[in-house]
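Data first, discussion second: the structure below is written as structure tokens.
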Amino acid sequence: VYTAPAASNGAAAPAPASAPAGGEAPGASPADDGLVAIESPMVGTYYSKPNPDADVYITPGSSVSPGSVVCIVEAMKVFNEIKSEIAGSVERILVQDGDAVEFGQKLFLGRPS
């Protein structure tokens, strides 16, 4: 009786690990073809604007060029401007203001021009 739950727990652990990977591929729509991710270069907190009273850096449909500031990631009380590496338009914003982000996490999807 005790062996079955242990085996069940062991089998359950790989299932969630494979579920997100399987969930990402079917979730990709044909409209996402050709989109390039702008990723976080560090661990920190994502902010969409330079201060609480300012306008956001970008919105879906915004044009960006290499070097355009797209957001800020705060790491250890240092506010780091994150810049676009593509020229084109922002199609989707994948995080919300105040979200914790990881190194390499996709923040935006952009369509190169």
Side-chain angles (χ1 to χ4, degrees):
V1 174
Y2 292 106
T3 306
S8 161
N9 287 341
S18 63
E24 289 174 9
S29 70
D32 290 347
D33 287 346
L35 296 183
V36 175
I38 298 174
E39 300 176 347
S40 178
M42 64 191 67
V43 173
T45 304
Y46 166 86
Y47 293 105
S48 61
K49 49 191 173 181
N51 64 61
D53 298 326
D55 292 332
V56 296
Y57 285 109
I58 59 171
T59 58
S62 294
S63 293
V64 294
S65 58
S68 300
V69 176
V70 293
C71 67
I72 290 177
V73 174
E74 177 196 0
M76 298 174 54
K77 307 285 185 199
V78 176
F79 293 85
N80 302 282
E81 291 183 337
I82 308 305
K83 298 179 179 178
S84 173
E85 296 178 2
I86 66 164
S89 63
V90 174
E91 296 291 317
R92 292 190 6 215
I93 299 174
L94 305 175
V95 291
Q96 295 183 355
D97 210 37
D99 282 356
V101 296
E102 299 292 328
F103 172 80
Q105 181 177 343
K106 294 177 182 177
L107 304 175
F108 310 99
L109 292 179
R111 186 167 309 282
S113 54

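Residues take their numbers from the sequence shown, with the count starting at 1. Basis for what follows: all heavy atoms, side chains included, without hydrogens, waters or symmetry-related copies.
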Practice task
Check each of I93, I86, I82 against F108 using the side chain to side chain contact (heavy atoms under 4.5 Å, CB included) test, and report the only one that passes.
Solution key: I93
Solution key, residues 61-69 side-chain donor-acceptor pairs under 3.5 Å, sequence neighbours excluded:
| residue | atom | partner | partner atom | Å |
| --- | --- | --- | --- | --- |
| S62 | OG | T59 | N | 2.8 |
| S62 | OG | T59 | O | 2.9 |
| S62 | OG | T59 | OG1 | 3.2 |
| S65 | OG | S68 | OG | 3.0 |
| S68 | OG | S65 | N | 2.9 |
| S68 | OG | S65 | O | 2.9 |

Problem - Spatial distance of atom CG (L107) from atom OG (S48) [nearest 0.5 Å] - result: 11.5 Å
Exercise for the section: Compare every heavy atom of Y57 with every heavy atom of P50, then report the nearest pair and how far apart it is. Expected result: CB-OH, 3.2 Å
Problem - Closest heavy-atom pair and its distance - V95, Q105 - result: CG1-NE2, 3.5 Å
Problem - Other cluster members, V43 - Ile/Leu/Val/Met/Phe/Trp/Tyr, side-chain contacts below 4.5 Å - result: F103
Completion exercise
Distance col, row I58:CD1 vs S84:OG, nearest 0.5 angstrom, shows 8.0 Å
Exercise for the section: Mind checking side-chain contact (heavy atoms from CB on, under 4.5 Å) for N51 and listing every partner two or more places apart, or none if nothing turns up? Expected result: D53, A54
Exercise for the section: May I ask whether V101 and V36 are part of the same hydrophobic cluster, defined by side-chain heavy atoms of I, L, V, M, F, W, Y residues being less than 4.5 angstrom apart, directly or through others? Expected result: yes
Practice task
State which residues pass side-chain contact (heavy atoms from CB on, under 4.5 Å) with E91; sequence neighbours excluded, sorted by chain then number.
Solution key: L35, S89, R111
Hey, can you pull the donor-acceptor pairs under 3.5 Å for the side chains in residues 73-81, sequence neighbours left out?
| residue | atom | partner | partner atom | Å |
| --- | --- | --- | --- | --- |
| E74 | OE1 | Y47 | OH | 3.4 |
| N80 | ND2 | V73 | O | 3.1 |
| N80 | ND2 | V78 | O | 3.2 |

Practice task
Look at the side-chain heavy atoms of Ile, Leu, Val, Met, Phe, Trp and Tyr, link any pair under 4.5 Å apart, and say whether M42 and Y46 land in one connected group.
Solution key: yes
Handout entry: Partners passing side-chain contact (heavy atoms from CB on, under 4.5 Å) against A37 (at least two apart in sequence or in another chain)
Key = E39, K106, L109
